[in-house]
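To start, the structure itself, in C-alpha cells.
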Amino acid sequence: MVACSSCTKPSCQLSRTMVDQLAFTEINAQRIAVVENCFGASGQPLSAPGRVLVGEGILTKECRKKPKPRVFFLFSDILVYGNIVINKVRYNTQRILPLEDVTVEILPDSVDMRNRWMIKTTKKSFVISAASYSERKEWICHIEECIHQLLQKTGRQPSKEHAAPWIPDKATDICMRCTQTNFTMVNRRHHCRKCGFVVCHECSKHKFLIPAIKSKPVRVCSLCYRKLVSERIAIEEELKRHERQFHDAVPQYDPSSEDSDEDPDRQGAWPLNEDFYSSTWSAFHT
C-alpha cells in the first residue's frame, strides 16, 4: 500500500486531526485529481469537501473466472477500485464503495491466494489478497480506522447486513444445489445473488427483488427463493396482525351515539308555538 503524506508512519493509527489538516490542502487535491484523470470520462468525480486520499495500491481480487489484479484507492470516506489498463496512466470499470457500509474480515490462505481478506458490503462482497502479510495488515488497519472515524462523525452504526461473495466458477464442476447437473459449454454456470452459490439454470430460474443488492429482481437459486418467499409471507402476515390489533383497539364509530351524548336539558321537540324561520333565519337577516 502506497500511503499519502498522512500515512507515512508505520503505525496504522490515522488521527482525525491529521485527516482534517490534509482535507483542504493543495497536495491532497492534486492527488485526487490524478486519480480522476486516470479513470477519465468513464469514472465518477472523486473530489468532495473534506475528502482525503489516504493511500493506494494493487491488490489481487478473486473474480468469477480467476484472480485478477485491481487498483485500489482508499479515501477517508470511500473505497474506489478498478481495472488496470496501464498502471498509473489508465484505469476503467470504476467501482465506489461507501466506507459506512464496509466491513472487513481476515480469511485463511487458499491454494491460489495468500494473505486473503474479504471486503463486505450490503450490495457486493468479494475476496482480495495482498502481496505480503504486512501489506494486508496495513490495508485493514487503515480501512478500519477510516470506518471508525467516519461512523463517529455520522453517528451511524456499523452495517450488519452483507451480500454473500460469489464462489468462483472453478470451485465446482457440478451444480451446488441439485448436485446432479454437470457444467459444460451448453450447461452454463450461474450465481445466486443471495447465497453466492454456483448453480445450474434449472436451479436458478427464479428472480426476487432484494433492494439492498439491486432495484430490480435478481437471479436466486431455488432454495433461497423459497426462503425469501417464506420470509415475505411471514412479514405480510405480521403486518396484517398489527393492523387487526390496531383496528380492534380503536373504538368504532356509532352514529346513534351522537344523539345520546346531547345535553339532557336540551333534548326534546322544537316548541310548537314558535316559528323557526321568524325567530332565527329572519332575525339573522334583519
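Atoms considered below: every heavy atom in the structure, side chains included; atoms not considered: hydrogens, waters and symmetry mates.
- Checking each of Lys123, Lys120, Arg156 against Asp101 for a salt bridge (Lys or Arg N to Asp or Glu O under 4.0 Å) leaves exactly one that passes, namely Arg156.
- The OG1 atom of Thr60 lies 12.0 Å from the NZ atom of Lys66; values are rounded to the nearest 0.5 Å.
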Do any side-chain atoms of residues 226-236 form donor-acceptor pairs under 3.5 angstrom with protein atoms, and if so which ones, sequence neighbours left out?
none

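- Checked for salt-bridge contact, Asp112 and Lys170 meet the test: a charged N lies under 4.0 Å from a carboxylate O.
- Applying the under-4.5 Å side-chain rule to Ile, Leu, Val, Met, Phe, Trp and Tyr, the cluster around Phe24 consists of that residue alone.
- Of the possible donor and acceptor atoms, one in the side chain of Asn28 sits under 3.5 Å from a partner among the backbone N and O of Arg51.
- Remark: Lys61 is not positioned above the aromatic ring of Tyr81, lacking an NZ or CZ atom under 6.0 angstrom from the ring centre and at most 45 degrees off the axis.
- Between Glu243 and His247, the side chains place no donor N or O within less than 3.5 Å of an acceptor N or O (distance only, hydrogens not considered).
- Taking the side chain as every heavy atom from C-beta outward, Lys88 and Glu56 approach each other to under 4.5 Å.
- Trp139 and Val127 fall into different hydrophobic clusters, where Ile, Leu, Val, Met, Phe, Trp and Tyr residues are linked whenever their side-chain heavy atoms come under 4.5 Å apart, directly or through other members.
- Inter-residue side-chain proximity for Trp117 and Ile119 is flagged as met; some heavy-atom pair is nearer than 4.5 Å.
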Under 3.5 Å donor-acceptor pairs involving side-chain atoms of residues 39-49, not counting sequence neighbours:
from, atom 1, to, atom 2, distance (Å)
Ser42, OG, Phe39, O, 2.9
Ser47, OG, Glu36, OE2, 3.3

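- Remark: the backbone N or O of Asn115 is paired with a side-chain donor or acceptor of Asp109 at under 3.5 angstrom.
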Which pairs of donor and acceptor atoms, one on a side chain in residues 194-218, lie under 3.5 Å apart (sequence neighbours left out)?
from, atom 1, to, atom 2, distance (Å)
Glu202, OE1, Lys205, NZ, 3.3
Ser204, OG, Cys200, O, 2.8
Ser204, OG, Arg219, NH1, 3.1

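- Of all the heavy atoms in Ile78 and Val80, the pair that sits closest is CD1-CG2, 3.7 Å.
- Heavy atoms only, all atoms of each residue included: Cys63 and Pro168 are closest at O-CB, 4.2 Å.
- To the nearest 0.5 angstrom, His142 atom NE2 is 13.0 Å from Ile147 atom CD1.
- As a member of the Ile/Leu/Val/Met/Phe/Trp/Tyr network built from side-chain separations under 4.5 Å, Ile86 groups with Val85, Val89.
- Annotation for Arg241: atom CZ counts as buried by contact number, over 12 foreign heavy atoms lying within 6.0 Å.
- Of the residues listed (Asp77, Thr25, Leu22), the one engaging Val52 in a side-chain contact (heavy atoms from CB on, under 4.5 Å) is Leu22, and it is the only one.
- At least one side-chain heavy atom of Phe183 sits less than 4.5 Å from a side-chain heavy atom of Cys175.
- For the pair Leu150 and Ser76, the minimum side-chain heavy-atom distance is 4.5 Å or more.
- Counting non-hydrogen atoms of neighbouring residues, nucleotides and ligands closer than 6.0 angstrom, the CD atom of Gln30 exceeds 12 such neighbours.
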message: The test is side chain to side chain contact (heavy atoms under 4.5 Å, CB included); show your working for Phe73 and Leu53 and say whether it passes.
response: CA-CA 7 Å; Phe73 299 93; Leu53 176 56; 4.3 Å; yes
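- Rounding to the nearest 0.5 Å gives a distance of 7.0 Å between OG of Ser159 and CD of Glu161.
- Members clustered with Val34: none, using a 4.5 Å side-chain heavy-atom cutoff among hydrophobic residues.
- Note: the hydrophobic cluster containing Ile140 also contains Phe72 (ILVMFWY, side chain heavy atoms under 4.5 Å, direct or indirect links).
- No continuous path of hydrophobic side-chain contacts links Leu97 to Trp166 [ILVMFWY only; heavy atoms under 4.5 Å].
- In this structure, Thr121 contributes its side chain and Val102 its backbone to no donor-acceptor pair below 3.5 Å.
- A 4.5 Å side-chain heavy-atom check between Glu144 and Val104 finds at least one atom pair inside the cut-off.
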- prompt: Could you walk me through whether His162 and Thr122 pass the side-chain hydrogen bond (donor to acceptor under 3.5 Å, both in side chains) check?
  reply: CA-CA 4 Å; His162 303 107; Thr122 54; over 6 Å; no
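- The residue from Ile58, Ile128, Asn83, Leu59 that alone fulfils the side-chain contact (heavy atoms from CB on, under 4.5 Å) condition with Arg70 is Asn83.
- Inter-residue side-chain proximity for Met118 and Thr103 is flagged as unmet; no heavy-atom pair is nearer than 4.5 Å.
- Within the model, atoms CD1 of Ile96 and CG of Leu99 stand 11.5 Å from one another, a figure rounded to the nearest 0.5 Å.
- Within the 4.5 Å cutoff, side-chain heavy atoms of Ile143 are placed close to those of Leu74.
- Tracing side-chain contacts under 4.5 Å through hydrophobic residues (I, L, V, M, F, W, Y), one never reaches Ile84 starting from Met113; they form parts of separate clusters.
- For the atom pair CE (Met176) and SG (Cys221), the distance works out to 10.0 Å, reported to the nearest 0.5 Å.
- In this structure, the side chain of Arg189 engages the main chain of Asp169 through a donor-acceptor pair within 3.5 Å.
- Atom CD of Glu237 is separated from atom NZ of Lys240 by 5.0 Å, given to the nearest 0.5 angstrom.
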